[in-house]
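Each ligand, and each atom within it, is numbered from 1 in the order the structure gives. Computed from a predicted structure; not experimentally measured.
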Amino acid sequence: MLVVRGSREFLLAPGDTQETDLGILDLPADVTPGTVVETHLGEPFEVRRLRGPDLFDHLERTGAPMMPRDIGLVIGHTGVASGDRALDAGTGTGVLSAYLGRLGVEVTTYERDPEFADVARQNMETAGVSTLVDVRTGDLTEALDELDGGFDLLTLDTGDAPAAVERAPDLLAPGGFLAVYSPFVESTRECVAAARSAGLAEIETLETIQRRMDFDDRGSRPSTAGVGHTGYLTFARFLPSFE
Ligand SMILES: C[S@@+](CC[C@H](N)C(=O)[O-])C[C@H]1O[C@@H](n2cnc3c(N)ncnc32)[C@H](O)[C@@H]1O
């Protein structure tokens, strides 16, 4: 759960102790969201339930996590929903997997770095989705032959994504979706080529750019800070023909 006071935010478990500049916080073992707890100096902090964006801000980071806005596009474009099965790689910090798990999606996710995989498993516990998200230590491209297939969604956030894209028809259920995130246009182009050669349908790449709006006394306009680019998302579907 999140323990908050203004800009001070701590991700804690019941029973944890946290030193703050306002004193020491001892979180009771039976603490519930909505409670106010005080430091030993009597300074109040609010206890909140962990929500999706808190995962991005507070999970222990390993591989660069996907940003909530990109995750929103994946969810919106694929319609992934409770009861669906998703195959994901690489797990990295596990932010995408945790978001999917919180939707009620059953996720099988591969992380080739054993230490990253251990951190991701702990992150899934923190996110409360360890029963839905199965973090497997290993390289997805080497595990492809062992997988049964029938996944509703295949999400890839790895440099070697094209190798898995080529196998998407073996992995996806009819009508299932592929979503590949890439920070670079070169690897995006390779994924599009792999999706075409695999015979996937409805191939579409979107660059994700968001402009924050500034409102002040002088007027309102998009923020002048940065272009807001995060990366490219390529979507495609497995639509086998029954002619
Ligand atoms: C950018 S991070 C993924 C972040 C993740 N989508 C998230 O939201 O937290 C990429 C991760 O993929 C892992 N990786 C790269 N290639 C892989 C592969 N073929 N199989 C499994 N993991 C891989 C890397 O070790 C790294 O941790």
Side-chain angles (χ1 to χ4, degrees), residues 11 50-78 80 85-103 105-130 132-147 149 151 153-168 170-171 177-188 190-191 194-195 198 206-208 210 229-235:
L11 184 61
L50 202 62
R51 306 210 179 245
D54 302 323
L55 305 172
F56 181 81
D57 292 335
H58 294 288
L59 288 185
E60 186 176 340
R61 284 198 184 190
T62 54
M66 209 183 269
M67 292 191 69
R69 71 200 205 190
D70 295 311
I71 294 172
L73 274 177
V74 172
I75 294 168
H77 273 257
T78 66
V80 65
R85 291 175 62 231
L87 175 63
D88 171 66
T91 318
T93 300
V95 171
L96 174 61
S97 289
Y99 259 88
L100 294 175
R102 283 170 57 88
L103 285 179
V105 177
E106 199 183 300
V107 184
T108 302
T109 178
Y110 280 78
E111 173 52 58
R112 68 180 177 192
D113 182 312
E115 285 178 19
F116 286 12
D118 285 344
V119 172
R121 277 183 209 104
Q122 186 54 52
N123 282 344
M124 296 310 108
E125 290 278 346
T126 304
V129 294
S130 54
L132 279 163
V133 180
D134 176 14
V135 179
R136 299 187 181 174
T137 306
D139 190 312
L140 176 68
T141 39
E142 289 167 12
L144 290 174
D145 289 333
E146 300 154 19
L147 288 160
F151 291 95
L153 174 64
L154 170 60
T155 51
L156 300 169
D157 185 1
T158 66
D160 60 0
V165 171
E166 277 166 20
R167 299 288 304 279
D170 305 328
L171 299 168
F177 283 87
L178 164 75
V180 188
Y181 175 83
S182 174
F184 300 112
V185 79
E186 288 84 355
S187 48
T188 301
E190 279 180 47
C191 286
L206 303 171
E207 179 184 9
T208 52
Q210 261 185 7
H229 165 94
T230 45
Y232 301 94
L233 271 164
T234 298
F235 296 98

Do me a favour and list the nearest non-hydrogen protein atom to atom 2 (S) of ligand 1 with residue, atom name and distance? Ala64 O, 3.7 Å

Could you tell me if the side chain of Asp157 sits less than 4.5 Å from the side chain of Leu96, heavy atoms only? no

Could you grab the distance from atom CD1 of Ile71 to atom CG of Leu100, nearest 0.5 Å is fine? 7.5 Å

Which atoms of ligand 1 sit under 4.0 Å from any heavy atom of Gly138? 20 (N), 21 (C)

Need the ligand 1 atom indices (1-based, order shown) with element for anything under 4.0 Å from a heavy-atom of Thr93. 9 (O)

Distance-only, no hydrogens or angles: does the Thr91 side chain make a donor-acceptor pair with backbone N or O of Gly94 under 3.5 Å? no

By side-chain contact (heavy atoms from CB on, under 4.5 Å), which residues pair with Pro183, not counting sequence neighbours? Tyr181

So is Ala89 polar-close to ligand 1, meaning N/O to N/O under 3.5 Å? no

Closest to atom 19 (N) of ligand 1 (heavy atoms only, candidates Ile71, Leu144, Asp160) is Asp160

Identify, with sequence neighbours excluded, every residue that meets salt bridge (charged side-chain N to carboxylate O under 4.0 Å, His left out) alongside Arg167. Asp145, Asp170

Establish, from distance only, whether the side-chain atoms of Asp88 and Thr155 form a donor-acceptor pair under 3.5 Å. yes

Backbone, side chain, both or neither: what part of Thr91 comes under 4.0 angstrom of ligand 1, heavy atoms only? backbone

Nearest neighbour in protein (non-hydrogen) for atom 22 (N) of ligand 1: Arg112 N, 3.2 Å

Any N or O of Phe116 closer than 3.5 Å to N or O of ligand 1: no

Of Arg112, Glu111, Arg121, which meets side chain to side chain donor-acceptor pair (under 3.5 Å) against Thr137? Arg121

Can you tell me how far apart CG (Leu206) and NE2 (His77) are? Round to the nearest 0.5 Å. 5.0 Å

When rounded to the nearest 0.5 Å, the distance separating CE of Met66 from OG1 of Thr230 is 9.5 Å

Side chains of Thr234 and Thr188: donor-acceptor distance under 3.5 Å anywhere? no

So which heavy atom in the protein is nearest atom 6 (N) of ligand 1, and how far is it from that ligand atom? Asp157 OD2, 2.9 Å

Using distance alone, determine whether Thr158 and ligand 1 share an N or O pair under 3.5 Å. no

When distances are taken from atom 20 (N) of ligand 1, the protein heavy atom at minimum range is Leu140 N, 3.0 Å

Given Arg61, Met67, Met66, Glu111, which one has a non-hydrogen atom that is nearest to atom 26 (C) of ligand 1? Glu111

Consider every N or O of Gly94 and every N or O of ligand 1, then say whether any pair is closer than 3.5 Å. yes

Out of Gly231, Gly90, Pro68, whose heavy atom is nearest to atom 12 (O) of ligand 1? Gly90

For ligand 1, which atoms, with element, lie under 4.0 Å from some heavy atom of Pro65? 7 (C), 8 (O), 9 (O)

Atom 18 (C) of ligand 1 [closest protein heavy-atom partner, distance rounded to 0.1 Å]: Asp139 OD1, 3.6 Å

At what distance, to the nearest 0.5 angstrom, does CG of Leu154 lie from CG of Leu140? 7.0 Å

What atoms of ligand 1 come closer than 4.0 angstrom to any heavy atom of Tyr110? 21 (C), 22 (N)

Considering the heavy atoms of Leu96, write down every atom of ligand 1 situated less than 4.0 Å from one of them. 7 (C), 8 (O)

